[in-house]
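Notes for the one structure printed next.
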Amino acid sequence: MAIRRGADARPVPPFAPVQEIDRGPRMGTGYGEKRAERHPLFTAVLPDSDGVLRAGWRTEPTPSDRDWAFLKTLRRGQICTGTVTEIADFGVTFVDLGGFTPMINIPELSWRHVDHPSDVVTVGETVSAEILDVDLVSERVTLSLKALQEDPMPQFLQQVGQTVTGLVTRLVPFGAFVRIENREGGLTVRIVGVDPPRRRITLSHLQARASGES
């Protein structure tokens, strides 16, 4: 684990005795001469078998140090652009932001239902996303594509009672799930109810047929 001195220090719970800290090189040795001390990075090493934490100074930043410096420039609500580098089977998309790779959880890919991230993005694609959270402790950033998209629910509220068409995406014993797309060849349904808090839209194919639309 690497930390910096001063206000930018990261928490390091173990204890390091003074004799176990290498102070590193300093420049200037004459009496009365102003000594110019270098300010390298402080490296903490996990305790040995004797339970003592040994630490020393480093003069070259590591990739973790560069990630830490980059993280401090990010803010919640900030819009960023990156390239999709990996799509995980468990529903997470990783985006490269100039060397640092935050993630997008599957619920944050789109307002519509998504079975797999590959339904929305592809590896190598450039995407813009909003930063939802920056966790400096775990060095993790969470992004959202959905935050930059218009929420369709208010529009559906205004369409209650109207007839639309959609694509049947799944059949279940109690009915069917339909993706409203208003395209030719889809199933004709009537919007009979919209529940914004639960994000549910109730449709009826029978009512659409009864009105002479099918």
Side-chain angles (χ1 to χ4, degrees), residues 1-18 20-27 36-48 51-151:
M1 180 183 298
I3 63 174
R4 288 182 175 80
R5 295 176 293 175
D8 295 334
R10 282 186 264 179
V12 178
F15 170 73
V18 173
E20 294 297 342
I21 298 179
D22 175 15
R23 306 292 273 181
R26 298 183 178 182
M27 296 178 292
E37 181 180 357
R38 290 198 288 178
H39 296 281
L41 302 174
F42 184 73
T43 304
V45 184
L46 292 178
D48 290 336
V52 176
L53 176 74
R54 289 167 173 81
W57 296 105
R58 259 201 343 268
T59 56
E60 296 297 330
T62 66
S64 178
D65 296 319
R66 287 187 286 270
D67 287 347
W68 174 254
F70 179 72
L71 279 171
K72 292 196 301 180
T73 69
L74 303 180
R75 297 291 182 271
R76 184 178 301 176
Q78 181 179 339
I79 308 301
C80 57
T81 301
T83 303
V84 177
T85 58
E86 181 184 354
I87 297 177
D89 290 334
F90 55 87
V92 173
T93 300
F94 295 93
V95 180
D96 182 8
L97 299 181
F100 186 79
T101 308
M103 63 182 181
I104 306 176
N105 293 317
I106 195 167
E108 294 300 330
L109 288 171
S110 176
W111 287 104
R112 65 179 176 86
H113 175 76
V114 176
D115 292 319
H116 193 272
S118 59
D119 297 336
V120 180
V121 295
T122 57
V123 173
E125 180 182 356
T126 300
V127 296
S128 294
E130 180 176 318
I131 297 176
L132 293 183
D133 185 58
V134 180
D135 189 337
L136 296 177
V137 176
S138 62
E139 298 188 0
R140 178 175 296 180
V141 176
T142 305
L143 304 178
S144 172
L145 293 183
K146 185 175 71 174
L148 300 183
Q149 304 166 6
E150 183 179 359
D151 185 354

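Hydrogens, waters and symmetry mates are skipped; everything else that's a heavy atom, side chains included, is used.
More than 12 heavy-atom neighbours from other residues, nucleotides or ligands sit within 6.0 angstrom of CG on Asp135.
Here the OG-CD1 distance, from Ser118 to Ile87, works out to 5.5 Å after rounding to the nearest 0.5 Å. Rounded to the nearest 0.5 angstrom, Ser138 OG and Leu71 CG are separated by 9.0 Å. In this structure, Ile131 CD1 and Leu97 CG are separated by 7.0 Å, a value rounded to the nearest 0.5 Å. Rounding to the nearest 0.5 angstrom, the gap separating the CG atom in Leu74 from the CG atom in Asp133 is 11.0 Å. Atom OG1 in Thr142 sits 9.5 Å away from atom CZ in Arg76 (nearest 0.5 Å).
Looking at Val92, Val121, Leu145, Val84 one by one, the single match for side-chain contact (heavy atoms from CB on, under 4.5 Å) with Ile104 turns out to be Leu145.
For the pair Arg75/Val134, no side-chain contact is recorded, criterion being any heavy-atom separation below 4.5 Å from C-beta on. At a threshold of 4.5 Å between non-hydrogen side-chain atoms, the residues Ile106 and His116 do not count as touching.
The shortest heavy-atom contact between Gly99 and Asp96 is N-OD1, 2.7 Å. Ala88 and Pro117 make their closest contact through O-CG, 4.3 Å (heavy atoms, listed as atom of the first residue, atom of the second, distance). The two residues Glu130 and Ala147 make their nearest non-hydrogen contact at OE1-CB, 3.6 Å. Nearest heavy atom pair, residue Leu143 against residue Ala129, reads CB-CB, 4.0 Å. Between Leu148 and Ser128, the shortest heavy-atom contact is CD1-O, 3.4 Å. Glu108 and Ser144 make their closest contact through OE1-OG, 2.6 Å (heavy atoms, listed as atom of the first residue, atom of the second, distance).
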